[in-house]
Amino acid sequence: MSSIYQAESIEAKWQQRWQEDGIDEAHESADDERPRYYCLVMFPYPSGQLHMGHVRNYCLGDAVARYKRMQGHNVLHPIGWDAFGLPAENAAIQHKQPPAAWTDNNIAQMRGQLKGLGFSYDWSREIATCKPDYYRWEQWMFLRLMEKGLAYRAKAEVNWCEPCHTVLANEQVVDGCCWRCDTSVIRRELSQWFIRITDYAEELLQDLDQLDGWPDRVRDMQRNWIGRSTGAEVRFPLADSDGYIDIFTTRPDTLMGVTYMAVAAAHPLARQAAENNPALAEFIEVCSDVSTKEADMAQMEKKGMALGIDAIHPMTGERVPVWAANFVLMNYGTGAVMSVPAHDERDFDFAQGYGLPIKQVIQPADAEWDMSNGAFTDAGLLINSGDFNGLGSDEAKTAIINHLQAHDAGSERVQYRLRDWLVSRQRYWGAPIPVIHCPDCGVVPVPDADLPVVLPEYLQPTGGASPLVDCEAFMNVDCPRCGQAAKREADTFDTFMESSWYMNRYTCNQHQDAMLDADAMRRWAPVDQYIGGVEHAVLHLLYARFYHKLMRDAGLFSEEDGGKEPFRHLMTQGMVLLDGAKMSKSKGNTVDPQLIIDRYGADTARLFTLFAAPPEKDLEWNDAGVEGSYRFLGRVWRLMARGEDGVTGKDDADACRTMRRIIHQSIARVTHAFEHGFAFNVAIAALMELSNHLQSFTATGKQGQAVLREGLEALVCMLAPFVPHIACECGQRIGMETMAVLAPWPSVDAQALEESEITLVVQFNGKKRGDVRVAKDADQDQVMAKVHQDEELTRWLDGMQIAKIILVGGRLINNVVRPQGFGCAYYSPCYY
RNA sequence: GCCGGAGUGGUGAAAUGGGUAGACACGCUGGAUUCAAAAUCCAGUGGCCUCACGGCCGUGCCGGUUCGACUCCGGCCUCCGGUACCA
């Protein structure tokens with residue numbers, strides 16, 4: 001046994017041993033009575049190399065999975081590859097090699113890196129989403145969604161990214177730019193495939209309330225994204241024709257203050273009016289050109305132009321002019337608004353700019369409002385509103401909606417910000433959308449029997465349009481309905497489709513008969529602990545929740561078996577930073593995990609990422625810190641030699657008792673970290689302290705050796721979830737019977753925690769002035785007797801009288817003192 | 001604007017059913033070991049005052065509650081994240 005810690009040989013040895021013994025596989029057998037636990041980390045895109053973000057994510061997951069195993073759980077801890085996506089196409093262009101080969105290579109490379117880090121994955125569950133036996137079920141599901149009308153094709157104004165040469169879903173537009181390449185997206189009108197996530201908006205919103213294992217931050221982000229608002233839909237008939245304008249408002253109480261209407265430039269009424277109005281046509285043209293980035297729109301000057309038509313106010317029957325305005329969005333609500341300048345800042349600005357009338361209908365409950373101050377946007381009391389005068393805003397909303405409903409002019413309405421999920425992409429390296437375009441039959445779904453629609457893997461992308469379009473072998477097909485020559489859909493699915501259901505496929509990755517195996521879902525789903533980056537808060541994490549519900553509603557599992565939600569607990573880890581900035585290839589500020597592994601070993605890399613910061617916070621990379629983690633492992637390694645000392649000297653009963661107390665306090669602290677909030681940085685600090693104490697433990701008699709051994713074993717076991725290789729090697733070295741990673745988690749001996757004598761802090765007026773040793777359950781008089789024996793402490797009583805004494809059991813005693821003769825003295829015992 | 005979260009030493013951070021502020025580490029300083037270095041080990045390390053004993057101050061700012069506040073309450077400031085002409 002080497003006296004020097006040599007990570008490389010230790011790690012290779014144990015990785016091989018774990019693999020041979022198959023200790024990381026999840027057990028399906030019904031005989032296995034252990035409670036099941038499903039620990040999942042966000043699977044990686046196979047870019048070719050792990051980055052530090054991956055390493056951090058997987059170190060956290062592995063610590064949880066290993067801890068749960070040691071606690072006696074049957075753990076499912078799978079890994080796979082989110083293998084479709086644009087980088088493969090770009091790499092293919094660069095290397096003149098089809099994306100499939102590049103992707104397979106990368107997977108092999110990264111699989112080797114993950115194994116080299118010693119993560120305890122059940123490799124028999126590995127999936128790659130680019131394989132037909134995976135994506136065929138996605139195609140199958142899409143056909144079910146088409147049958148239900150939940151998947152549909154529609155012409156709409158969509159986000160287009162020119163460099164990526166494809167459309168994007170709303171969730172994939174970040175600050176007006178493409179989430180992947182950061183280029184400004186432009187708006188284009190195209191026919192695309194959508195999935196009706198808006199049908200599930202209410203359930204997705206409601207169920208957030210029960211996700212108490214999720215960070216509030218993520219839940220709030222999803223609530224914001226879904227953006228529910230309640231109000232009314234109101235119909236304004238046109239004055240001189242048969243048409244009407246429907247609007248949505250959250251303030252029906254201000255209805256009597258409407259002085260004009262505003263519609264989006266792209267609204268049908270605006271376009272119609274523009275036919276005979278060149279100036280208006282030009283205005284509409286300008287609006288559609290400008291409004292690329294939503295962020296810019298907020299800065300834009302409010303501009304508009306009258307359409308030259310009037311609408312009829314549904315309450316008063318008055319005529320109100322209709323304007324086209326650049327601040328009204330065609331794709332929110334109905335693309336038209338009622339304008340109440342007195343009570344909406346935006347409408348107020350617009351009305352002032354164009355000299356439109358302002359009519360106040362709400363006033364503060366206890367004051368007048370001066371309209372020269374601008375719009376009054378708070379709730380208040382109704383005025384100038386006929387029968388509704390004197391009502392409060394809330395009552396008025398109900399009353400006005402009731403009135404509208406009675407006159408068939410409007411109704412209560414809930415509006416969501418969430419829009420349907422655009423799932424088609426003009427890309428090659430993705431799952432083909434299983435539909436066929438027939439000149440006569442139109443869009444025809446591919447029959448189930450013809451699934452999967454296999455993506456030809458040999459094509460060479462060029463960077464522009466997808467090579468699928470020109471691939472006749474793929475494109476040309478007979479219409480399944482009428483048999484004549486037809487074309488396949490050349491678009492592929494958004495890659496978020498694959499990552500929306502992989503968590504459930506892991507439970508039954510070999511299942512050939514269906515998308516999911518209901519029995520396997522009953523055994524494993526939902527995921528107990530999910531771990532990944534917060535950047536997916538409204539992307540993957542929203543889609544996966546939605547898709548889980550779609551799968552439930554397709555009858556693939558019952559809510560009882562698979563859960564209403566796919567992820568019970570969620571941990572979102574912080575980013576890995578270098579010099580304060582997120583590590584990224586484009587910025588060139590990366591640290592290659594492989595270099596750290598090569599230099600210090602996997603255990604050092606694992607330890608540092610867990611110790612340097614609490615999981616949810618950003619982690620600043622620090623080479624000196626890595627060095628420190630390596631040194632700690634060296635100290636642990638050398639500490640183990642003490643287990644071989646044998647009985648060399650005398651025992652010290654007090655030292656042994658103290659040492660045992662520290663051992664069991666450490667067990668309590670580390671266990672607490674796993675059970676509450678995963679503060680691994682603190683857990684590891686506790687292990688460092690334990691290690692330090694064991695090193696300086698001096699009792700070398702028979703009892704001392706037994707205590708030392710107990711401490712060493714506890715240390716080895718508790719290190720195992722974090723640094724499994726060195727833990728196993730140390731365990732073997734000190735002669736533990738079971739491999740450290742298979743050992744039962746140490747339990748706390750409550751008796752060992754008890755102390756007969758404790759140190760109590762002594763305060764005067766809340767300030768610490770010293771401490772005394774007293775019996776564990778000493779009462780106030782006994783403590784004070786000790787205090788009076790201590791010269792250092794009694795001098796704080798010189799010339800003072802004690803007004804009050806507070807004894808906090810086990811912690812401190814506080815003497816409230818004041819100068820003698822100051823006020824009236826009293827002495828009241830006070831026990832907390 | 002609205003909704004979250006966070007502000008603690010030179011650095012990463014501990015400590016919140018109110019109870020010793022700065023655990024654990026990094027860095028730095030000094031020492032031991034060494035021909036020398038690396039490695040290792042020991043000691044010190046919030047600021048200010050003091051030869052020292054010791055004292056005073058100190059958790060973004062201002063106030064409050066309390067015997068006692070990083071922790072609770074009220075009012076601000078700054079930073080980060082989300083969202084937004086959303087009607």
Side-chain angles (χ1 to χ4, degrees), chain A residues 4 174-175 215-225 227-229 231 247-251 254 262 264 291 294-302 325-329 331-340 344-347 349-350 377 415-417 534-535 537-538 574 607-608 611-614 616-629 631-632 634-635 638 669 679 681-692 695 759-771 792 795 802-818 830 832:
Chain A
I4 296 168
V174 181
D175 289 334
D216 288 340
R217 178 164 67 131
V218 175
R219 292 199 286 176
D220 283 330
M221 281 163 74
Q222 292 210 357
R223 282 191 193 102
N224 277 339
W225 190 260
R228 183 185 203 268
S229 50
I247 61 95
F248 171 73
T249 178
T250 54
R251 293 294 302 273
T254 66
S291 63
E294 292 193 11
D296 291 342
M297 288 180 59
Q299 316 294 331
M300 236 158 52
E301 197 188 335
K302 289 168 187 49
N326 64 350
F327 62 82
V328 181
L329 306 175
N331 47 17
Y332 182 77
T334 59
V337 298
M338 66 179 206
S339 293
V340 187
D344 180 284
E345 283 175 19
R346 192 189 41 196
D347 295 344
D349 290 348
F350 192 85
T377 57
Q415 178 70 38
Y416 299 92
R417 207 192 75 94
V534 74
E535 65 272 19
V538 288
L607 186 68
F608 175 73
F611 178 62
E616 67 281 3
K617 281 192 77 169
D618 288 349
L619 183 159
E620 177 70 35
W621 189 262
N622 177 345
D623 287 331
V626 177
E627 196 79 45
S629 292
R631 283 206 294 267
F632 169 65
R635 284 200 296 278
R638 290 189 296 278
R669 287 167 72 187
N681 55 327
V682 185
I684 290 167
L687 293 175
M688 288 175 169
E689 281 183 73
L690 175 59
S691 164
N692 291 343
Q695 184 59 51
T759 302
L760 213 57
V761 163
V762 180
Q763 293 185 337
F764 292 91
N765 290 342
K767 285 190 176 146
K768 182 190 173 186
R769 297 300 180 188
D771 49 48
E792 291 290 307
R795 60 194 192 85
I802 295 177
K804 193 176 181 183
I805 295 176
I806 293 110
L807 176 67
V808 183
R811 289 194 178 271
L812 57 79
I813 187 160
N814 186 17
N815 296 272
V816 183
V817 297
R818 58 178 67 148
C830 174
Y832 277 38

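Naming: A, B, ... by sequence-line order, numbering from 1 per chain. Since this is a predicted model, take the numbers as computed values, not measurements.
- Across B:G5 and B:G30, the matching P atoms stand 46 Å from one another, rounded to whole Å.
- Using a 4.0 Å heavy-atom distance criterion, A:Val816 is classed as a sugar-phosphate-only contact.
- B:C72 and B:A13: their C1' atoms are spaced 24 Å apart (whole Å).
- The partner of B:C61 is B:G75, judged by Watson-Crick or G-U wobble contacts that both fall below 3.5 Å.
- Evaluation of the side chain to side chain donor-acceptor pair (under 3.5 Å) rule for A:Asp220 yields A:Arg223 as partners, not counting sequence neighbours.
- Atom P of B:A32 sits at a distance of 37 Å from the matching atom of B:A14, rounded to the whole Å.
- When ring centroids are compared, A:Phe611 and A:Phe632 stay outside the 6.0 Å threshold.
- The line from CZ of A:Arg769 to CD of A:Gln763 is 10.0 Å long, rounded to the nearest 0.5 Å.
- Minimum heavy-atom separation, A:Arg251 to A:Met338: O-CE, 3.7 Å.
- Shown here are the side-chain contact (heavy atoms from CB on, under 4.5 Å) partners of A:Asn692, two or more places apart in sequence or in another chain: A:Arg635.
- Between A:Gln222 and A:Ala336, the residue anchored nearer the 5' end of RNA chain B, judged by the nucleotide with its closest heavy atom, is A:Gln222.
- Taking the syn range as angles within 90° of 0, the glycosidic angle of B:G9 is syn.
- The partner of B:A14, taking Watson-Crick or G-U wobble pairs whose two distances both stay under 3.5 Å, does not exist in any strand shown.
- With contacts defined as side-chain heavy-atom distances shorter than 4.5 Å, the pair A:Asp216/A:Arg219 qualifies.
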Output a table of nitrogen or oxygen pairs between the protein and nucleotides 1-6 of chain B separated by less than 3.5 Å.
none

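- Nucleotides B:U65 and B:G82 place their P atoms 40 Å apart, quoted to the nearest Å.
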### Per-nucleotide protein contact string for nucleotides 24-29 of chain B (B base, S sugar-phosphate only, - none; heavy atom under 4.0 Å)
BSSS--

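- B:G1 and B:A21 are spaced 38 Å apart, taking the C1' atom of each and rounding to whole Å.
- One donor-acceptor pair, N or O on each side, does fall under 3.5 Å between the base of B:A87 and the side chain of A:Arg346.
- Applying the 4.0 Å criterion to OP1 and OP2 of B:G68, one finds that A:Asn765 has every side-chain N and O outside that range.
- Here, B:G74 and B:G58 have their C1' atoms 23 Å apart, quoted to the whole Å.
- Atom CG of A:Leu812 is separated from atom P of B:G18 by 14 Å (rounded to the nearest Å).
- The two residues A:Ile805 and A:Asn815 have their closest heavy-atom pair at CG1-OD1, 3.7 Å.
- As a whole-Å value, the separation of A:Gln763 CD from B:G68 P is 10 Å.
- With sequence neighbours excluded, the residues forming a ring pair (Phe, Tyr, Trp, His ring centres under 6.0 Å) with A:Phe608 are A:Trp621, listed by chain and number.
- Note that OG1 of A:Thr334 is 6.5 Å distant from CD1 of A:Ile247, once rounded to the nearest 0.5 Å.
- Nucleotide B:C86 holds its P atom 12 Å from the CZ atom of A:Phe248, rounded to whole Å.
- Between the CG atom of A:Asp347 and the P atom of B:A87 there is a distance of 12 Å, rounded to whole Å.
- Here, B:C70 and B:G64 have their P atoms 15 Å apart, quoted to the whole Å.
- Rounded to whole Å, atom C1' of B:C41 lies 9 Å from atom CZ of A:Arg638.
- A:Asn224 has its side chain out of reach of A:Val538: every pair of non-hydrogen atoms, C-beta onward, lies at least 4.5 Å apart.
- For A:Val761, the side-chain atoms get nearest to B:U20 when compared with the rest of B:G19, B:U20, B:U83.
- Within 4.0 Å of A:Arg219, counting heavy atoms only, lies no atom of the nucleic acid at all.
- Between A:Asn765 and A:Val816 the shortest side-chain heavy-atom distance falls below 4.5 Å.
- Whole-Å rounding puts the A:Phe608 CZ to B:A13 P distance at 10 Å.
- Using atom P as the reference point in both B:G9 and B:A23, the two lie 13 Å apart (nearest Å).
- The partner of B:U45 is B:G27, by the rule that a Watson-Crick or G-U pair needs both atom distances under 3.5 Å.
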Produce the list of close N/O pairs, under 3.5 Å, pairing protein atoms with atoms of nucleotides 51-59 of chain B; give distances to one decimal.
unit_1, atom_1, unit_2, atom_2, d
B:G54, O3', A:Arg795, NH2, 3.4
B:C56, OP1, A:Arg769, NH2, 3.3
B:C56, OP2, A:Arg769, NH1, 3.0
B:C57, OP2, A:Lys767, NZ, 3.3

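- Distance, A:Leu807 CG to B:G18 P: 17 Å, rounded to whole Å.
- If you check every strand for non-hydrogen atoms under 4.0 Å, A:Pro614 touches sugar and phosphate atoms only.
- Remark: B:U8 base-pairs with no nucleotide; criterion is Watson-Crick or G-U wobble with both hydrogen-bond distances under 3.5 Å.
- Side-chain contact between A:Tyr332 and A:Val337 is absent, with no heavy-atom pair separated by less than 4.5 Å.
- When both pairing distances are held under 3.5 Å, B:A32 makes a Watson-Crick or G-U pair with B:U40.
- Between A:Glu616 and A:Arg217 the shortest side-chain heavy-atom distance does not fall below 4.5 Å.
- Spacing between atom CE of A:Met338 and atom P of B:A87 amounts to 12 Å, rounded to whole angstrom units.
- Residue contacts shown for A:Asn681 are limited to sugar-phosphate atoms, with no base heavy atom under 4.0 Å away.
- Nearest heavy-atom pair across A:Gly333 and A:Gln415 is N-NE2, 3.4 Å.
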